[in-house]
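Please read the structure below before turning to the comments.
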Amino acid sequence: MLKKMLRSSSSRGGLGNNRKEMIVAVIFFCVCLVTIEYGVRVTEAEEYFKPFNVTYDHRALILDGKRRILISAGIHYPRATPEMWPDLIAKSKEGGADVIETYVFWNGHEPVRGQYNFEGRYDIVKFVKLAAAHGLYFFLRIGPYACAEWNFGGFPVWLRDIPGIEFRTNNEPFKEEMKRFVSKMVNMMREEMLFSWQGGPIILLQIENEYGNIESSYGKGGKEYVKWAAKMALSLGAGVPWVMCRQQDAPYDIIDTCNAYYCDGFKPNSHNKPTIWTENWDGWQWSLAATPGSVLTSQHVKLSTWYTQWGEKLPHRPVEDLAFAVARFFQRGGSFQNYYMYFGGTNFGRTAGGPLQITSYDYDAPIDEYGLLHEPKWGHLKDLHAALKLCEPALVTADSPTYIKLGPKQEAHVYQANVHPDGLNLSSFESPSICSAFLANIDEKREATVTFRGRRYTIPPWSVSVLPDCTNTVFNTAKVRAQTSVKLVEFDLPTVSNIFPAQQSRDHNGIYYISKSWMTTKEPLNIWSKSNFTVEGIWEHLNVTKDQSDYLWYSTRISVSDSDILFWEENDVRPKLTIDGVRDILRVFVNGQLIGNAVGHWIKVVQSLQFLPGYNDLTLLTQTVGLQNYGAFIEKDGAGIRGTIKITGFKNGDIDLSKSLWTHQVGLQGEFLKLYSEENENSGWVELTPDGIPSTFTWYKAYFDVPGGLDPVALDLKSMGKGQAWVNGHHIGRYWTRVSPKSGCKQVCDYRGAYDSDKCSTNCGKPTQTLYHVPRSWLRASNNLLVILEETGGNPFEISVKVHLSRIICAQVSESNHPPLQKLVNADLIREEVSANNMIPELQLYCQEGHTISSITFASFGTPRGSCQNFSRGNCHAPSSMSIVSKECQGKNSCSIKILDTVFGGDPCPGVEKTLSVEARCTSLLNVSFFQEAVSSS
């Protein structure tokens, strides 16, 4: 077929005289090789793969005897529901992923020692099999330390109670427990036939995690532990390679890998190992900068800003920079790259890490927290992956690239070989070699025009151009062709049960609140049950709660004499409570009244007190908001109160409360009674009236209906303070309307230059999180039970239920843009020829599933100005733009328009490069059909 295309092109004036047909011919050749050598085999769900071995050399992982260039998508199974898994995996595959990656979460699987949980969101075997059913490989990071901004880094809290234990060092009790769990996971995967040599998808495993960052804290014990962990992992006979990330002293048989914003400068500690990037942070992560070519070490780690906390801004990483980092990695010899995260999800329940990390784990990932595509990030990366797949034959054939300096900050890496990976003589393809090239401009400010192989190429600043045939550019990391989807949250009528549910209320802005009928009950603000105990001094929080609750009460009695009262009045002073250290939240009550709060990580607290004559009850409530998930000696970090606690300012001197008798009480009464459960029949609920709010430590409940359709659902809790929420007994997580700083956000985010999480911050001066995902599988059509525990005071009457959807979509494509590469990669090369028609740039639009393009709000072919939601006509405009686009797109889920003068009735401005800009609105099919029926019935 290639010969036929070449002869046809030659007969019309020569291949060199027809640029687009030349691109077609050469890329067709590359695609043929990809399909012949690396084509994805469509399998039945039961078959998965034919058994194959996985090895590696200095260049890449070797699957079934063939080197592979692999794109991996990070998805944490417990951060989504099993009902969401198939769609997330399918979208990852459609986006160009070859592999699904996840950590294993020990504390989710073994909440009590010896009692295992592999059900529901923790059914990891089901998750792995779903990936296999979609034809994807699997990278299982067992750890068992995960970090992952997950509670206690994934360790079960009971682990810290084992006598003599010290985590992650040469400590026998810890090593015994670690080996027991890692062995269980490996054996489970083997029993389920999930390793590659068994016909399963697992091609790679990980032991430990980012230990190199903290290894020096453990001295000799740390070095011995690394050797032991590697030897233990290899002894389990998994039959696939193991990696250690951020572990420069990884033993010979373990691949050391990179975690960072940029890993193009990373090289493993042996020439015999491939270059693997286990974590490409595509969104919310550290607030430290790393320039391309640099390698982060333990000295760079800043624990205090590991992940977004309540009261902080939200980071955003531009897709142009993310694509640049990925392209540079493969340009400079990388072979396996994993997005951390490709889908972030939600920290349901109390799984969020600490200190003070938020419930959302959206991560600014290509697939958002709700499972919707995050555009243009997903689409632009999809195009990059398609371009990389066209380069794969050259990348795996050449042992290393040829470096060419093109300018002061411009360079090329060329992958070329004259021998096919299987020794095939390439002369039969009428080509002297396989060749792919990457041209990089690492100048942060200026575009550059360079000469490469006798041709001129213009490269935007901070970008990489991909040339699968070493001649024609098919992708540039700074030129985004993918659409932009503007996410909105709204009450999307109708509801399933009724267009205007009786229990819902509507305000003057048209907002539908969840219910106008609420029930309430108060939480006791002191010791509330006989299960308490009294001891001298204050016990460490986790030693008492075992993390079964965020809350621990401490109560003691203070005797105040009349002379003390007189002393304070005469000297105009007040007694003060002083505590050396508190983490994460402390609330101080005197005689049942809340008088003060403190928030922080081991902060000193000084709180003024107001006592009455006689006996006064002093009650302290300590709260955890996620246990420490990163750092050395996390088992010793603890929670609650640390150090001396005393009251100053008494007439006869300070009172040392460290030796007083304190009564300890774990948790809240409402937790113990399971007020959040649908089966709860507590009779203490009373109707809530508007004058009953705001109120601290109060439980609320109401019933609500959900919007119809399939759009993801969220609770808007911006009217509340801090607490936890449950829907139909499912714990959707902690909430907190803590406001971020007003400064630090920019209206325009410049992708150019090294990224850090402060560079393109958003959401300044607003609560860090107000919307909380409620999975559709947890909901009924009507009468859903919402239970709220409010700690600080809020207004439940203003809670609303909303849908999360892409209502506005935009795209902007120019004549000079690259074609939709996926057409080439997905072409049926047996039945269908790839023609020059495939190389014409196209503007593509789509609405999410269950929606159609209801209207075109802007369309201009010519020289339009502005960006999405701010487009305007330029000096050149084709009058038919709106009618052509509306005819092609309106009423459809997706559409595609070629960027050609002939499509728009001729050239509106000859000699000028033209662009098509379009903005459209999407509408739910449910709404369309509902209102059509309403109109017809009327």
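Since this is a predicted model, take the numbers as computed values, not measurements.
- At distances below 3.5 Å, at least one donor-acceptor pair connects side-chain atoms of Thr768 with backbone N or O atoms of Gly311.
- Using a 4.5 Å cut-off on side-chain heavy atoms (C-beta onward), Lys636 and Phe167 make no contact.
- Atom CG in Leu627 sits 11.5 Å away from atom OG1 in Thr351 (nearest 0.5 Å).
- Contact of the Tyr370 side chain with the Met84 side chain is not registered, since no non-hydrogen atoms from C-beta on lie closer than 4.5 Å.
- Atom-to-atom distance recorded for Ile124:CD1 and Met185:CE is 4.0 Å, nearest 0.5 angstrom.
- Panel note: side chain Tyr218, backbone Phe633; a donor-acceptor pair is recorded below 3.5 Å.
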Intermediate values then yes/no, side-chain contact (heavy atoms from CB on, under 4.5 Å), Tyr703 and Leu785: CA-CA 5 Å; Tyr703 290 88; Leu785 173 64; 3.7 Å; yes
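- Ring-plane geometry between Tyr307 and Tyr363 is classed as parallel, the angle between the planes falling under 30 degrees on a 0 to 90 degree scale with a further cut at 60.
- Distance alone, capped at 3.5 Å, places no donor-acceptor pair between the Gln247 side chain and the Ala250 backbone.
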Evaluation steps, side chain to side chain donor-acceptor pair (under 3.5 Å), between Trp553 and Asn532: CA-CA 9 Å; Trp553 299 92; Asn532 63 74; over 6 Å; no
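- The aromatic rings of His730 and Trp778 sit parallel, their planes meeting at an angle under 30°, below the 60° perpendicular limit.
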Residue pair Phe139, Thr278: steps toward the side-chain contact (heavy atoms from CB on, under 4.5 Å) verdict: CA-CA 10 Å; Phe139 175 21; Thr278 37; 3.7 Å; yes
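- For the pair Thr359 (side chain) and Arg734 (backbone), a donor-acceptor distance under 3.5 Å is present.
- Side-chain atoms of Trp281 and Glu279 include a donor-acceptor pair closer than 3.5 Å.
- What you find for Asn680 and Lys674 is that their closest heavy atoms are CB-O, 3.3 Å.
- Salt bridge annotation for Glu678-Arg780: present, with a cationic side-chain nitrogen under 4.0 angstrom from a carboxylate oxygen.
- Side chains of Asn347 and Asn151 form no contact here, defined as non-hydrogen atoms less than 4.5 Å apart.
- Between the side chain of Trp85 and the backbone N or O of Tyr77, at least one donor-acceptor pair lies under 3.5 Å.
- In this structure a side-chain-to-backbone donor-acceptor pair under 3.5 Å is missing from Glu119 to Asp123.
- Within the 4.5 Å cutoff, side-chain heavy atoms of Arg642 are placed close to those of Trp602.
- By the 30° and 60° cut-offs, the orientation of the rings of Trp736 relative to Trp310 is tilted.
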Criterion side-chain contact (heavy atoms from CB on, under 4.5 Å) on Gln628 and His601, from CA distance to verdict: CA-CA 10 Å; Gln628 191 73 46; His601 189 74; 3.1 Å; yes
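- Using bins of under 30°, 30° to 60° and over 60° for the plane-to-plane angle, the ring pair Trp528/Phe672 lands in the tilted bin.
- Remark: Lys175 NZ is packed, more than 12 non-hydrogen atoms of other residues, nucleotides or ligands lying under 6.0 Å away.
- With Glu83 contributing its side chain and Ser777 its backbone, the two residues share no donor-acceptor pair below 3.5 Å.
- Ring pair Phe105/Trp150 is tilted by interplanar angle, where 30° to 60° counts as tilted.
- Glu369 and Ser360 are linked by a side-chain donor-acceptor pair at a separation below 3.5 angstrom, with hydrogens and angles left out of the test.
- A cation-pi geometry, defined here as NZ or CZ lying under 6.0 Å from the six-membered ring centre and within 45° of its normal, holds between Lys184 and Tyr116.
- Side chain to side chain, Glu671 and Ser549 meet the donor-acceptor criterion of an N or O pair below 3.5 Å.
- Considering only heavy atoms from C-beta on, Lys722 comes within 4.5 Å of Ile585 through its side chain.
- Nearest heavy atom pair, residue Ala229 against residue Ile207, reads O-CG1, 3.9 Å.
- For the residue pair Asn171 / Glu166, no side-chain donor-acceptor distance below 3.5 Å is found, with atom types taken as modelled.
- Classified by interplanar angle (parallel below 30°, tilted 30° to 60°, perpendicular above 60°), the ring pair Tyr225/Trp228 is parallel.
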Evaluation steps, ring pair (Phe, Tyr, Trp, His ring centres under 6.0 Å), between His109 and Phe118: CA-CA 6 Å; His109 290 301; Phe118 292 99; 4.6 Å; yes
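- For His541, there are no ring-ring contact (aromatic ring centres under 6.0 Å, His included) partners, not counting sequence neighbours.
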Step-by-step side-chain contact (heavy atoms from CB on, under 4.5 Å) determination, Phe343 to Ile100: CA-CA 11 Å; Phe343 162 80; Ile100 297 296; over 6 Å; no
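- Of the N and O atoms on the side chains of Arg246 and Asn259, not one donor lies less than 3.5 Å from an acceptor on the other residue.
- In this structure, the side chain of Lys522 engages the main chain of Thr696 through a donor-acceptor pair within 3.5 Å.
- Asn728 and Asn784 make their closest contact through ND2-OD1, 2.8 Å (heavy atoms, listed as atom of the first residue, atom of the second, distance).
- A distance of 15.0 Å separates OG of Ser196 from OH of Tyr48, quoted to the nearest 0.5 Å.
- Of the residues listed (Glu208, Glu635, Glu177), the one engaging Arg168 in a salt bridge (Lys or Arg N to Asp or Glu O under 4.0 Å) is Glu208, and it is the only one.
- By the 6.0 Å contact criterion, NZ on Lys231 is open, its count of non-hydrogen atoms from other residues, nucleotides or ligands being 12 or less.
- The aromatic rings of His664 and Phe533 lie parallel to each other, with less than 30° between the two planes, well short of the 60° mark.
- Side-chain contact between Leu194 and Pro201 is present, with at least one heavy-atom pair separated by less than 4.5 Å.
- Atoms OG1 and CD1, from Thr520 and Ile788 in turn, are 11.5 Å apart once rounded to the nearest 0.5 Å.
- If you run side-chain hydrogen bond (donor to acceptor under 3.5 Å, both in side chains) between Trp699 and each of Gln669, Glu790, Glu523, only Glu523 comes through.
- In terms of heavy atoms, Pro366 sits closest to Met341 at CD-O, 3.5 Å.
- Between Leu356 and Glu312, every side-chain heavy-atom pair lies at or beyond the 4.5 Å cut-off.
- When atom types are taken as modelled, the side chain of Thr770 and the backbone of Asp716 share no donor-acceptor pair closer than 3.5 angstrom.
- Checking side-chain atoms of Tyr700 against main-chain N and O of Pro796 turns up no donor-acceptor pair under 3.5 Å.
- Smallest separation of non-hydrogen atoms from Tyr340 and Ala148: OH-CA, 3.3 Å.
- To the nearest 0.5 Å, atoms CG (Leu136) and OG (Ser72) are separated by 9.5 Å.
- Ion pair Glu791/Arg587 flagged as a salt bridge, since at least one NZ, NE, NH1 or NH2 atom sits closer than 4.0 Å to an Asp/Glu carboxylate oxygen.
- Residues Val186 and Phe195 meet the side-chain proximity criterion, which asks for heavy atoms closer than 4.5 Å.
- Minimum interatomic distance between Leu88 and Ala80 (heavy atoms only, all atoms of both residues): CD1-CB, 3.8 Å.
- Annotation: the span from Ile527 atom CD1 to Thr534 atom OG1 amounts to 7.5 Å, rounded to 0.5 Å.
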